[in-house]
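One structure, pasted below without further comment.
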Amino acid sequence: MSLDIRDLLAPGVPDRTRLLLARDIVFHSPVADYSGQDDVAHLFPKIGQCLTGIEPLGEFTDPGRDGQGRRRGQGQGQQCVTTFTGKVGEESAYGAFVQQIDAEGQLTEATLLIRPLSALTNTVQQMRDALIADPLPSRG
């Protein structure tokens, strides 16, 4: 069971997003790593403003491995990868969202990949501007 990427990256709802995240979540963006529920809950809706029209294409789940490929015991969560399409401005984008979900169903680690490079670059520029206007809680 993965979390729906459209719910995680829903624009404008950081409080709802926060409920899906573990307190010590780690997010690996294409630019930097972020940690903590407050910062990641602040980032995800902003990403959803830059990357719109997200439509999942497929999902791959491995309930028996953690993010480092180690086998886990029963009831310890799972790793899921969701592939998706979306738009950055008028440009089509393709991506993958890797999720580590704990036994309670909360996201503990996530990695976002976006291509082509032009869509990624545009997203990075939009996120930079969004974070200048509204900094992360840990930096505000």
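Fair warning: this is a prediction, and the values are worked out from it, not measured in the lab.
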Do NZ/NE/NH1/NH2 and the carboxylate oxygens of D134 and K46 come within less than 4.0 Å?
-> yes
Going from CD on E55 to NZ on K87, what distance comes out if it is rounded to the nearest 0.5 angstrom?
-> 12.0 Å
Give the intermediate values and the outcome of side chain to side chain contact (heavy atoms under 4.5 Å, CB included) for residues Q106 and I25.
-> CA-CA 9 Å; Q106 289 189 308; I25 182 167; over 6 Å; no
Taking Q99 for its side chain and A110 for its backbone only, find out whether a donor-acceptor pair lies under 3.5 Å.
-> no
What is the distance from atom CG of L51 to atom CD1 of I114, rounded to the nearest 0.5 Å?
-> 5.0 Å
Minimal heavy-atom distance between S92 and P116, with the atoms involved, is O-CD, 3.7 Å
Starting from the C-alpha separation in whole Å, work towards a yes-or-no answer on side chain to side chain contact (heavy atoms under 4.5 Å, CB included) for L107 and F44.
-> CA-CA 12 Å; L107 188 64; F44 278 9; 3.8 Å; yes
Only one of L120, T123, L113 passes side chain to side chain contact (heavy atoms under 4.5 Å, CB included) with P30, and that residue is L120
Trace of the side chain to side chain contact (heavy atoms under 4.5 Å, CB included) decision for L43 with L131 | CA-CA 8 Å; L43 282 168; L131 291 173; 3.8 Å; yes
If you group Ile, Leu, Val, Met, Phe, Trp and Tyr by side-chain heavy-atom gaps below 4.5 Å, do V31 and V40 land in one group?
-> yes
Is there a side chain to side chain contact (heavy atoms under 4.5 Å, CB included) between L57 and T83 once you walk through the steps?
-> CA-CA 5 Å; L57 296 174; T83 57; 3.6 Å; yes
Linking directly or through intermediates, with side-chain heavy atoms under 4.5 Å: list the remaining ILVMFWY members grouped with L19, chain and number order.
-> none
Please report the shortest heavy-atom distance between A22 and Q37, naming the atom on each side.
-> O-CB, 3.8 Å
Euclidean distance, C50 SG relative to L9 CG, rounded to 0.5 Å = 10.5 Å
Using the ring of each side chain (for Trp, its six-membered ring), is F27 parallel, tilted or perpendicular to Y34, with breaks at 30° and 60°?
-> parallel
Atom of L21, atom of A41 and distance for their closest heavy-atom approach | CD1-N, 3.6 Å
Closest heavy-atom pair and its distance - E91, A119 = OE1-N, 3.4 Å
To the nearest 0.5 Å, how far apart are CG in L8 and CG in D4?
-> 7.5 Å
Kindly compute the distance separating OG1 (T111) from CG (D33), expressed to the nearest 0.5 Å.
-> 8.0 Å
Shortest non-hydrogen contact between H42 and P135, atoms and distance | NE2-O, 3.2 Å
For S138, does its backbone N or O pair with a side-chain atom of D39 as donor and acceptor, under 3.5 Å?
-> yes
The reported gap from CZ in R23 to OG in S35 (rounded to nearest 0.5 angstrom) is 12.5 Å
Shortest non-hydrogen contact between P56 and I54, atoms and distance | CD-O, 4.0 Å
Note, M127 side chain near I47 side chain (heavy atom, < 4.5 Å) | yes
Flag the pair V98 / Q79 as yes when at least one side-chain heavy-atom distance between them is below 4.5 Å, and no otherwise.
-> yes
Would you say the side chain of T108 lies within less than 4.5 Å of the side chain of V26, judging by non-hydrogen atoms?
-> no
Less than 4.5 Å apart, any side-chain heavy atom of P45 and any of T17?
-> yes
Can a donor-acceptor pair be found between the side chains of Q126 and N122 at a distance below 3.5 Å?
-> yes
